Asks: 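Have a look at this one before I ask anything.
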Amino acid sequence: MVAEIVQEIVPMKIALLSDIHANPSALNAVLADSHQWNVDGYWFMGDAVGYGIDPVMPIQWIRENLKPGDWVLGNHEIMLHNQMLGRDNKGVAQEAREAITRHEALLQEQPEVFSFFVDGFLTNGERPVTHDLDGVDYVSVHGDQENPTKYIYSWYEILIPSSFDRLFTQAHQRHRPRVQIYGHTHIPALIIAHPTRGQPLAEDPIDTQAYRYERVMVLPGETYELNGWIAMINPGSVGQPRDLDHRASYAILDTTNHRVTFRRVEYDWREMARQLDIQRYPDSLIYRLMDARPPRTTPQEWKDHFQKAKEVPCP
């Protein structure tokens, strides 16, 4: 099992951010919105770099506002690190490689930021981080605890059980609820496990059939109770949403009341697409930002939900 860091922290409201992808306009919009909700801190689930025009600003923000244990690495940070070490990023799309090459050069132009990226960000975000808050363990990952490139979509019947089985075992060992916070898919998600035998999971023998999954079709601005012993939360993508909604996405975790609120924030995504074009980034990256298109494997019922959710205002 992958080693983890466990930190004890007082109850608070935490803004959950993931997949900024070098989009400073989207990040600034999210930060402004989160300030209005008086959040006490931020957790970042990886992918500050990749795809967008400016990797320096999000890395600098992390440097100035987060402490070790408040972030984990995304696959694009791992890609950039591999490139710096001369390793081959096998299986990575050409447009992603091109963006990473540009981002390495941009970071090197800022020695202090680049030094932090190498000696701070990379070295302090290699493992899952578990925060112990108000009787609940919250484990931060990018894709999953043992695989940062694992895509956990709410509709994936095959991949969800293995992640929940691991969480169930960990919750049983520590005799406390456990919530996994992840990113990577660029789509907001909430999946909750409920006991099927009417008692808390940590009091059961380890039985993978002892719970059922509730896949919540989350809506912007809505607050959801984390009323199960095990749950998974994906705040969506700050800088490159893929659920038909161009608005920047993040979530606010209320550890005192054990609930999560999903937020969407308007920003000038058209200008970001224009800047990508001006700076001659690959067309596919421009279209991905402009289309906010979900994966081809997305079931129609979820596409219908995305179409509905993007019309919901988020005051």
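Just so it is clear, the model here is predicted, and its values are computed rather than measured. In this chain, numbering begins with 1 at the start of the sequence shown.
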Asks: Would you indicate whether the side-chain heavy atoms of Val72 and Pro128 approach each other to under 4.5 Å?
Replies: no

Asks: Applying the ring pair (Phe, Tyr, Trp, His ring centres under 6.0 Å) test to Tyr42, which of Trp61, Trp37, Trp71 qualifies?
Replies: Trp61

Asks: Of all heavy-atom pairs between Ala26 and Gly239, which one has the smallest distance, and what is that distance?
Replies: CB-CA, 4.0 Å

Asks: Under the 3.5 angstrom rule, does the side chain of Arg127 hit a backbone N or O of Gln145 as a donor-acceptor pair?
Replies: no

Asks: Looking at every heavy atom in both Ala189 and Tyr182, which two are closest together, and how far apart are they?
Replies: CB-OH, 3.6 Å

Asks: Under 3.5 Å, is there a donor-acceptor pair between the side chain of Asn75 and the main chain of Asp47?
Replies: no

Asks: So, Gln94 and Glu98: side-chain donor and acceptor under 3.5 Å apart, yes or no?
Replies: no

Asks: Show, in sequence, the C-alpha distance, side-chain angles and deciding distance for Val49 and Met79, and conclude whether the side-chain contact (heavy atoms from CB on, under 4.5 Å) test is met.
Replies: CA-CA 10 Å; Val49 304; Met79 265 193 282; over 6 Å; no

Asks: Using only atom types and a distance under 3.5 Å, with no angle test, would you say the side chain of His186 pairs donor to acceptor with the backbone of Ala292?
Replies: no

Asks: For the side chain of Ser115 and the backbone of Pro111, is there at least one donor-acceptor N/O pair under 3.5 Å apart?
Replies: no

Asks: Hey, would you say the His103 and His76 ring centroids sit under 6.0 Å apart?
Replies: no

Asks: Looking at CG of Asp137 and CD of Gln170, how far apart are the two atoms once the value is rounded to the nearest 0.5 Å?
Replies: 8.5 Å

Asks: Does the ring centre of Tyr153 sit less than 6.0 Å away from the ring centre of Trp302?
Replies: no

Asks: To the nearest 0.5 Å, what is the distance between CE (Met217) and NZ (Lys308)?
Replies: 9.5 Å

Asks: Ile252 vs Thr223, test: side-chain contact (heavy atoms from CB on, under 4.5 Å). Steps then yes/no.
Replies: CA-CA 9 Å; Ile252 299 174; Thr223 297; over 6 Å; no

Asks: Does the side chain of Glu77 reach to within under 4.5 Å of the side chain of Phe117, using non-hydrogen atoms?
Replies: yes

Asks: Could you tell me which non-hydrogen atom of Ile160 sits nearest to which non-hydrogen atom of Ser154, and how far apart they are?
Replies: CD1-O, 3.4 Å

Asks: Establish, from distance only, whether the side-chain atoms of Gln240 and Arg242 form a donor-acceptor pair under 3.5 Å.
Replies: yes

Asks: Side-chain heavy atoms under 4.5 angstrom apart, residues restricted to Ile, Leu, Val, Met, Phe, Trp, Tyr: same cluster for Phe121 and Val238?
Replies: yes

Asks: Between Ser34 (side chain only) and Leu31 (backbone N and O only), is there a donor and an acceptor less than 3.5 Å apart?
Replies: yes

Asks: Does either side chain, that of Thr255 or that of Asp134, offer a donor lying less than 3.5 Å from an acceptor on the other one?
Replies: no

Asks: Counting neighbours of CZ on Arg259 that are heavy atoms of other residues, nucleotides or ligands and sit closer than 6.0 Å, is the number greater than 12?
Replies: yes

Asks: Please examine the side chains of Leu17 and Leu27, heavy atoms only from C-beta on, and report whether any two atoms are closer than 4.5 Å.
Replies: yes

Asks: Are Val118 and Met57 connected into the same hydrophobic cluster when the rule is that any two of I, L, V, M, F, W, Y join if their side-chain heavy atoms are below 4.5 Å apart?
Replies: yes

Asks: So how far is it from Thr130 OG1 to Gln180 CD, rounded to the nearest 0.5 Å?
Replies: 9.0 Å

Asks: With the threshold set at 4.0 Å, does a side-chain nitrogen-carboxylate oxygen contact exist between Arg247 and Asp33?
Replies: no

Asks: Under 30°, 30 to 60°, or over 60°: which ring-plane class applies to Tyr224 and Phe262, parallel, tilted or perpendicular?
Replies: perpendicular

Asks: For Tyr267, which residues count as a ring-ring contact (aromatic ring centres under 6.0 Å, His included) partner, sequence neighbours excluded?
Replies: none

Asks: Are Tyr213 and Val139 in one and the same hydrophobic cluster, where Ile, Leu, Val, Met, Phe, Trp and Tyr link if side-chain heavy atoms are under 4.5 Å apart?
Replies: yes

Asks: Closest approach of His131 and Ser140, non-hydrogen atoms and distance?
Replies: CD2-OG, 4.3 Å

Asks: Taking everything shown except Met84 itself, do over 12 heavy atoms lie less than 6.0 Å from its CE?
Replies: yes

Asks: Could you check if a side-chain atom of Gln307 sits within less than 4.5 angstrom of a side-chain atom of Lys303, using non-hydrogen atoms only?
Replies: no

Asks: Keeping the roles fixed (side chain from Trp43, backbone from Ile14), state whether a donor-acceptor pair exists under 3.5 Å.
Replies: no

Asks: Take Leu219 and His305 through the side-chain contact (heavy atoms from CB on, under 4.5 Å) test and state the conclusion after the steps.
Replies: CA-CA 9 Å; Leu219 292 173; His305 164 66; 3.7 Å; yes

Asks: Going through the distances and angles, do Arg176 and Val136 end up as a side-chain contact (heavy atoms from CB on, under 4.5 Å)?
Replies: CA-CA 6 Å; Arg176 60 197 299 130; Val136 179; 5.9 Å; no

Asks: Kindly say whether Lys13 contributes a backbone atom to a donor-acceptor pair with the side chain of Asp254 at under 3.5 angstrom?
Replies: no

Asks: Tell me whether Arg293 at atom CZ has more than 12 heavy atoms from other residues, nucleotides or ligands lying less than 6.0 Å away.
Replies: no

Asks: Linking I/L/V/M/F/W/Y whenever their side-chain heavy atoms sit closer than 4.5 Å, directly or via other members, would Val56 and Leu73 fall into one cluster?
Replies: yes

Asks: Do the side chains of Met232 and Phe168 join up, straight or via other hydrophobic residues, at under 4.5 Å, putting them in one cluster?
Replies: yes

Asks: Enter the distance from Ile230:CD1 to His172:NE2 here, rounded to the nearest 0.5 Å.
Replies: 10.5 Å

Asks: Spell out, as yes or no, whether a donor-acceptor pair under 3.5 Å connects the side chain of Asn147 to the backbone of Asp144.
Replies: no

Asks: Looking only at heavy atoms, which two atoms of Phe306 and Trp155 are closest? And how far apart?
Replies: CZ-CZ3, 3.9 Å

Asks: At what distance, to the nearest 0.5 angstrom, does CE of Met272 lie from NE2 of His246?
Replies: 14.0 Å

Asks: Does Gln279, at its CD atom, have more than 12 non-hydrogen atoms belonging to other residues, nucleotides or ligands within less than 6.0 Å?
Replies: yes

Asks: Provide the closest heavy-atom pair for Pro188 versus Arg264 in the form atom of the first, atom of the second, distance.
Replies: CG-NH1, 3.6 Å

Asks: Rounded to the nearest 0.5 Å, how far apart are CG of Asp19 and OG1 of Thr185?
Replies: 7.5 Å

Asks: Please check if the side chain of His21 supplies one atom and the backbone of Gly52 the other of a donor-acceptor pair under 3.5 Å.
Replies: no

